[in-house]
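Counting from 1, the numbers follow the sequence of the chain as shown. Predicted model only: the values in this text are computed from it and were never measured. Basis for what follows: all heavy atoms, side chains included, without hydrogens, waters or symmetry-related copies.
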Amino acid sequence: MASKWYPKKGRVIFHVDMNSFYASVEAAFDPSLKGKPLAIAGNPEERRGIIVTSSYEARKYGVKTTMPLGEARRLCPDLMVMRPNFERYRTASKEMFKILADVTSLVQPVSIDEGYMDITECSDQGSPPEIAERIQQRIAEELDLPCSIGIAPNKFLAKMASDMKKPMGITILRKRDLEHTLWKLPIEDMHGVGSKTAEKLRKIGIETIGGLASHSVIELKRILGINGERLQNRANGLDDRPVDPEAVHDFKSIGTSTTLPHDTTDEDEIQTVLRRLSNKVAARMNGKKVLARNVQLMIRYHDRKTVTRSRQLQEFISKPDELFQHSIQLFDQHWNQDPVRLLGVTAGDLAEKSEVTQQLDLFNYEQYAGKEKLYKTIDTLTEKYGKNPFRTLTNPDETKVSTSFQKDFLDDYKK
């Protein structure tokens, strides 16, 4: 009977994770690529190109995401390399989410190739493993794509479960299984623990997820703040976040405006005001730990006529310079040369940093990789002296690391 799988109190959550998504889509489009070591890279013609993703056949040779292309080719001389085809991946993603929506309306996409489902009310469709199998088979038969599915009582455990068996795995992770399955894993394998956090945890003797689960919460809060307690709760299988289909429609915003001391057409003065407003908005975004993909500018003229113009971005941004650059460009495009009385800057289409998959943009990752040693040095000095000892770089393109494409497809999902 399916009912034994569905608790009277509690939930049944799936995390559906497409396996080696970009490479798998290319192999579905061109079956001659199946079974071959394949990599998707930003600049296949250059040895300096960066691997974005690779097929499992390539991974067997040690080819990894973010690896320089030259190194990948040394490891795997037969490696086939292709440029990314975003439209193709977006289309496949939309079809995949349609299949999930056939099971339940409670589907929350979190990136182009993964999403959560709450199937607590789906007992009439069979047991959770049966439902997961049907989803996996449909995606394989209709789209010719592999996926792994984690089944658990909450989002965190479902995410951890989907990572345990790839490709084409279905893994059930219950709280009673934690000691034997989750706790023995190295701390770096825990969702939500990045390399810097792992380094801090190892310094206080935490090597595994189990070590985090049983450590002194006071010490965790001392080194990681409120996040220390949250991570410990997750390690103990506690996570009450709901599967929220509306998260994809969330258009919250953070903005501020100011009335100028006098009506002005002085462009230097206007630039100074826009920079100040951008700094304020960025500080509030930083406090709320969010990124924005829309910038809106408000101009009120001396005669009270008000114009509001916005720009939807290809990338998530959070830095003051990035907000300022987009604001000043909007101003240059839409100012009619009349005296200005009020200016406002608003960041919109916000997403929590923790929910945005940190996939580096294909076209500027190489710039970032080249400066990685510099950034590490700055981080070390900042930690030592309490502030960045270098002046902020004024060119936003110099430091931009984007998470853009992972969420771009959500625009289509909303329609």
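Remark: Asp349 CG to Arg293 CZ distance equals 5.0 Å, nearest 0.5 Å. To the nearest 0.5 Å, atom CG of residue Leu342 and atom OG1 of residue Thr306 are 7.5 Å apart. Residue Ile299 holds its CD1 atom at 8.5 Å from OG1 of Thr308, rounded to the nearest 0.5 Å. Atoms CD1 and SG, from Ile139 and Cys147 in turn, are 4.0 Å apart once rounded to the nearest 0.5 Å. To the nearest 0.5 Å, atom NZ of residue Lys200 and atom OG of residue Ser195 are 10.5 Å apart. Note that CZ of Phe86 and CD1 of Ile112 are 8.5 Å apart. Values are rounded to the nearest 0.5 Å.
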Inset, instruction - Check the pair Glu87 / Arg90 against salt bridge (Lys or Arg N to Asp or Glu O under 4.0 Å), numbers first and verdict last. - result: CA-CA 5 Å; Glu87 211 44 59; Arg90 196 192 308 268; 3.6 Å; yes
Inset, instruction - Step by step, work out the side-chain contact (heavy atoms from CB on, under 4.5 Å) result for Leu277 and Leu343. - result: CA-CA 8 Å; Leu277 294 174; Leu343 288 167; 4.0 Å; yes
Legend entry - Derivation of the side-chain contact (heavy atoms from CB on, under 4.5 Å) call for Leu185 and Met164: CA-CA 10 Å; Leu185 296 175; Met164 288 178 175; 4.2 Å; yes
Inset, instruction - Apply side-chain contact (heavy atoms from CB on, under 4.5 Å) to Thr65 and Val52, showing your working. - result: CA-CA 5 Å; Thr65 299; Val52 177; 5.7 Å; no
Legend entry - Test side-chain contact (heavy atoms from CB on, under 4.5 Å) applied to Ile209 and Met160, step by step: CA-CA 11 Å; Ile209 297 176; Met160 292 302 297; 4.0 Å; yes
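Within the structure, the salt bridge (charged side-chain N to carboxylate O under 4.0 Å, His left out) test picks out the following pairs touching residues 210-224 (sequence neighbours left out): Glu219-Arg222, Lys221-Glu229. For residues 167-181, the set of pairs meeting the side chain to side chain donor-acceptor pair (under 3.5 Å) definition, not counting sequence neighbours, is empty. The salt bridge (charged side-chain N to carboxylate O under 4.0 Å, His left out) analysis of residues 325-334, with sequence neighbours excluded, yields no pairs. Applying the salt bridge (charged side-chain N to carboxylate O under 4.0 Å, His left out) test to every pair with at least one member in residues 7-27, sequence neighbours left out, gives these pairs: Asp17-Lys166, Glu26-Arg88.
For the pair Ala235 and Leu182, the tightest heavy-atom approach, listed with the atom from each and the gap, is O-CD2, 4.1 Å. Nearest heavy-atom pair, Ala72 versus Leu79, reported as atom, atom and distance to 0.1 Å: CB-CD2, 3.8 Å. Nearest heavy atom pair, residue Ile13 against residue Ala158, reads O-CB, 3.8 Å. Minimum interatomic distance between Leu297 and Ser327 (heavy atoms only, all atoms of both residues): CD2-O, 3.8 Å.
Checking side-chain atoms of Glu133 against main-chain N and O of Pro128 turns up no donor-acceptor pair under 3.5 Å. Distance alone, capped at 3.5 Å, is enough to place a donor-acceptor pair between the Arg284 side chain and the Gly255 backbone. Panel note: side chain Arg134, backbone Val103; no donor-acceptor pair is recorded below 3.5 Å. With Asn236 contributing its side chain and Ala213 its backbone, the two residues share a donor-acceptor pair below 3.5 Å. When atom types are taken as modelled, the side chain of Ser105 and the backbone of Ala101 share no donor-acceptor pair closer than 3.5 angstrom. No donor-acceptor pair closer than 3.5 Å links the side chain of Gln136 to the backbone N or O of Pro146. Between the Glu322 side chain and the Ser318 main chain, a donor and an acceptor come within less than 3.5 Å of each other.
For Asn233, the side-chain hydrogen bond (donor to acceptor under 3.5 Å, both in side chains) test picks out no residue, with sequence neighbours left out. In this view, Glu57 and Ser55 satisfy the side-chain hydrogen bond (donor to acceptor under 3.5 Å, both in side chains) rule, not counting sequence neighbours. For Met80, the side-chain contact (heavy atoms from CB on, under 4.5 Å) partners at least two apart in sequence or on another chain are Leu33, Lys36, Leu38. Partners of Thr272 by side-chain contact (heavy atoms from CB on, under 4.5 Å), not counting sequence neighbours: none found. Annotation: side-chain hydrogen bond (donor to acceptor under 3.5 Å, both in side chains) contacts of Asn154 (sequence neighbours excluded): none. Applying the side-chain contact (heavy atoms from CB on, under 4.5 Å) rule to Arg59 yields the partners Ser20, Thr53, Ser54, Tyr56; only residues at least two apart in sequence or on another chain are considered. Legend: residues meeting ring-ring contact (aromatic ring centres under 6.0 Å, His included) with Phe21, ordered by chain and number and at least two apart, are absent. By the side-chain contact (heavy atoms from CB on, under 4.5 Å) test, Thr197 is found to be paired with Val193, Leu201, Leu224, Leu231, residues two or more places apart in sequence or in another chain being considered.
The shortest side-chain heavy-atom distance between Met190 and Phe156 falls under the 4.5 Å cut-off. Side-chain contact between Val273 and Val340: absent, with no pair of heavy atoms (C-beta onward) separated by less than 4.5 Å. Two residues are said to be in side-chain contact when any heavy atoms from C-beta on lie closer than 4.5 Å; Ser257 and Thr346 fail this criterion. Taking 4.5 Å as the limit, every side-chain heavy atom of Ser123 sits out of range of all side-chain heavy atoms of Trp5. Counting heavy atoms from C-beta on, the side chains of Ile99 and Glu142 come closer than 4.5 Å. At least one side-chain heavy atom of Arg276 sits less than 4.5 Å from a side-chain heavy atom of Thr258. With contacts defined as side-chain heavy-atom distances shorter than 4.5 Å, the pair Leu100/Tyr116 does not qualify. Within the 4.5 Å cutoff, side-chain heavy atoms of Val16 are placed close to those of Met117.
Side chain to side chain, Gln296 and Arg311 fail the donor-acceptor criterion of an N or O pair below 3.5 Å. For the residue pair Gln312 and Asn294, a side-chain donor N or O sits within less than 3.5 Å of a side-chain acceptor on the partner. If you check the side chains of His15 and Glu114, you find a donor sitting under 3.5 Å from an acceptor. Looking only at atom types and distance, the side chain of Arg230 has a donor-acceptor partner in the side chain of Asn227 under 3.5 Å away.
With salt bridges taken as basic N to acidic carboxylate O contacts below 4.0 Å, none links Arg74 and Glu71. The existence of a salt bridge linking Lys98 and Glu95 is confirmed by a sub-4.0 Å separation between a basic side-chain nitrogen and an acidic carboxylate oxygen. A salt bridge does not link Lys319 with Asp321: none of the charged nitrogens is closer than 4.0 Å to a carboxylate oxygen. Between Asp239 and Lys155 there is no salt bridge, since no side-chain N of the basic residue sits under 4.0 Å from a carboxylate O of the acidic one.
The environment of Glu269 atom CD is dense: over 12 non-hydrogen atoms of other residues, nucleotides or ligands sit within 6.0 angstrom. Within 6.0 Å of CD in Gln329 there are more than 12 heavy atoms belonging to other residues, nucleotides or ligands.
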